[in-house]
There are 2 protein chains.
Amino acid sequence: MIPITILVADDHPLIVKALADFLSSHGYNIVATETNGIRAFHKIINLKPRIALLDIEMPDLGGLEIAEKLFGKSDETFIIFNTVHREQSIIQRANELGVKGYLLKEYALDQILECIQSICNGKPYFGNDLTVLTELGQEENILTKLSPSEIKILRFISQEKSTKDIAERLFIAEKTVEKHRSNIIRKLGLSQTKNSLLIWSLQHKEELLGIH
Amino acid sequence: MIPITILVADDHPLIVKALADFLSSHGYNIVATETNGIRAFHKIINLKPRIALLDIEMPDLGGLEIAEKLFGKSDETFIIFNTVHREQSIIQRANELGVKGYLLKEYALDQILECIQSICNGKPYFGNDLTVLTELGQEENILTKLSPSEIKILRFISQEKSTKDIAERLFIAEKTVEKHRSNIIRKLGLSQTKNSLLIWSLQHKEELLGIH
DNA sequence: ATTAAAATAAGGGTTAACCATTATTTTTTG
DNA sequence: CAAAAAATAATGGTTAACCCTTATTTTAAT
């Protein structure tokens with residue numbers, strides 16, 4: 001039997017090495033390791049590994065963005081996320097992008113093996129304590145309540161832009177941006193204190209990058 | 001020769017395992033591994049390992065806080081930090097707390113061995129690209145420019161407290177807190193935009209926890 | 001084609017975080 | 001103890017982020 005080919009990417013070399021060693025010792029064929037998102041993306045395209053085990057936070061290009069770029073194109077590679085993020089919106093977004101497995105870094109190593117096995121048998125694997133929303137549940141993601149413009153503006157806010165900055169960049173009136181801001185605050189159920197939206201957006205940067 | 005005893009603590013089990021395996025395979029005696037700060041602290045007290053290799057970000061008790069609690073007490077255990085933080089203030093704080101080694105997670109594994117060797121020979125080891133400030137350089141830490149009250153207030157700000165909240169908790173006038181805020185902004189050289197201080201404090205939470 | 005949803009915008013108002021200046025009291029330190 | 005540093009506080013002002021309401025235009029969906 002030909003061993004299953006795997007690409008491993010994570011921004012910490014130590015984790016990359018640990019994962020690669022662990023999987024190697026269990027009979028998998030590690031065809032590449034990377035600590036940079038863009039390089040990982042190119043290697044997935046060129047090497048077409050059976051599985052890409054990706055972190056979500058990586059320099060230049062995050063795991064969600066890689067999954068997005070690959071969506072539809074490469075059905076040869078199954079993507080697994082290995083991340084610290086347990087937010088429903090990220091998990092749901094991963095699901096939408098056809099990601100086959102989702103693991104938290106806090107999990108024991110065994111779950112990585114289970115996950116790979118499961119996927120190779122055609123069954124997606126999302127960690128058991130995650131609110132999995134495959135098909136049925138639909139366990140709504142709070143970000144889906146927002147309109148496209150609202151998400152666009154929220155992303156600017158998470159990049160520390162002021163209402164004025166955003167209005168200028170989008171060629172709309174400041175008043176419009178303000179209206180969007182208060183709509184977002186209402187939809188997200190945030191408090192009416194001054195910087196609640198800024199703080200929320202900073203805490204949900206990763207999620208915002210994944211959605212467009 | 002009796003092997004050197006080591007305790008390894010990091011909030012990610014994968015990293016703990018990787019470090020423990022790696023060090024074991026190089027002849028060290030891993031007496032304990034932990035993913036929780038408080039438990040790591042107690043194990044250091046009880047097991048008195050020669051070396052404690054600690055992450056800074058851990059649940060319940062961070063590496064800096066462990067070093068603080070051990071300061072003066074346990075001269076039997078040498079502390080090494082293995083972290084993503086490269087901020088001068090954290091490095092300096094580690095130095096002040098008698099931490100003997102400081103490694104970044106992005107470093108190659110070899111440096112961990114070098115670090116342990118160096119420390120066991122009585123020579124502290126701070127990563128070569130870190131601005132080390134052992135004795136001479138003094139390469140000032142920006143946080144040392146702040147007075148104790150200013151740091152206290154900055155910590156509240158990083159916990160998303162408003163000027164009013166802070167004034168109430170410290171039993172001082174809001175105007176006093178405001179004055180401190182603008183002094184902090186001036187000392188840190190931040191911009192005069194509305195939320196510069198909040199953003200800065202959120203981005204430097206870890207450093208603020210280490211200093212009192 | 002009609003309705004619903006989203007995006008656009010303005011008027012008018014509150015609050016909190018910033019600015020500058022001045023000044024008194026308390027604490028630290030040489 | 002005297003000088004320096006820090007903490008305290010007030011007066012007065014600007015700005016940006018929030019609130020509310022109303023309204024027109026654009027886009028999407030049935």
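Just so it is clear, the structure is predicted and the values come from calculations on it, not from any experiment. Just so we're on the same page: letters track the sequence lines, and every chain starts at 1.
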In terms of the angle between their ring planes, are B:Phe81 and B:Tyr102 parallel, tilted or perpendicular, with boundaries placed at 30° and 60°? perpendicular
Rounded to the nearest angstrom, tell me the gap between atom CD in A:Glu160 and atom P in D:dA17. 12 Å
Return the value, rounded to whole Å, for the distance between atom CG of B:Leu146 and atom P of D:dA6. 10 Å
Nearest whole Å is fine: how far is D:dA17 C1' from B:Ile199 CD1? 13 Å
When we call it a touch if two heavy atoms are under 4.0 Å apart, what does A:Ser182 touch: a base, just sugar-phosphate, or nothing? sugar-phosphate
Contact class for A:Ser149 (heavy atom, under 4.0 Å): base, sugar-phosphate, or nothing? sugar-phosphate
Hey, which of A:Arg186, A:Lys187, A:Lys179, A:Lys145 is the one that makes salt bridge (charged side-chain N to carboxylate O under 4.0 Å, His left out) with A:Glu150? A:Lys187
Sugar-phosphate, base or nothing in reach of B:Leu197, heavy atoms under 4.0 Å: sugar-phosphate
Look only at the side chain of B:Thr35 and the backbone of B:Pro13, and say whether a donor-acceptor pair between them is shorter than 3.5 Å. no
Using nucleotides 24-30 of chain D, report all nitrogen or oxygen pairs with the protein that are shorter than 3.5 Å.
none

May I ask you to decide whether B:Arg93 forms a salt bridge with B:Glu96, counting only side-chain N to carboxylate O separations under 4.0 Å? yes
Give a yes/no on whether any side-chain N or O of B:Thr176 is located under 4.0 angstrom from OP1 or OP2 of D:dA9. yes
Any idea which of D:dA7, C:dA17, C:dA7 is nearest the B:Glu150 side chain? D:dA7
Nearest to the B:Arg181 side chain among D:dA7, C:dA17, C:dG12, which nucleotide is it? C:dA17
Any salt bridge between A:Glu106 and A:Arg86, counting N to O under 4.0 Å? yes
Roughly, in whole Å, what's the span from CG in B:Asn195 to P in C:dA16? 13 Å
For B:Ile185, answer base if it contacts any base atom (sugar-phosphate contacts may also be present), sugar-phosphate if it contacts only those atoms, and nothing otherwise; contact means non-hydrogen atoms under 4.0 Å. sugar-phosphate
Test the A:Lys69-A:Phe41 pair against the cation-pi criterion, namely NZ or CZ under 6.0 angstrom from the six-membered ring centroid and within 45° of the ring axis. yes
Does A:Glu174 pair with A:Lys164 as a salt bridge, N-O distance under 4.0 Å? no
In this structure, are over 12 heavy atoms from other groups packed under 6.0 Å from B:Lys105 atom NZ? yes
Rounding to a whole Å, what distance do you find between A:Asn183:CG and D:dC18:P? 13 Å
To the nearest angstrom, how far is A:Glu178 atom CD from C:dT14 atom P? 15 Å
Closer to the 5' end of DNA chain D via nearest nucleotide, is it A:Ile157 or A:Lys179? A:Ile157
Go through the structure and list residues passing ring pair (Phe, Tyr, Trp, His ring centres under 6.0 Å) with A:His204, not counting sequence neighbours. A:Trp200
Calculate the interatomic distance between A:Lys175 atom NZ and C:dA9 atom P; express it in whole Å. 13 Å
Euclidean distance, atom CD of residue A:Gln192 to atom C1' of D:dA16 [Å, nearest integer]: 17 Å
Where the side chain of A:Lys194 is defined as all heavy atoms beyond and including C-beta, which of D:dT21, D:dT15, C:dA16 is the nearest nucleotide? C:dA16
Trace of the side chain to side chain donor-acceptor pair (under 3.5 Å) decision for B:Ser191 with B:Thr193: CA-CA 6 Å; B:Ser191 77; B:Thr193 52; 2.7 Å; yes
Go through C:dA7, D:dA10, D:dT22 for me and flag the one nearest to the A:Ser147 side chain. C:dA7
Interface with DNA chain C, restricted to residues 163-174 of chain A and to heavy atoms under 4.0 Å: A:Ile172, A:Ala173
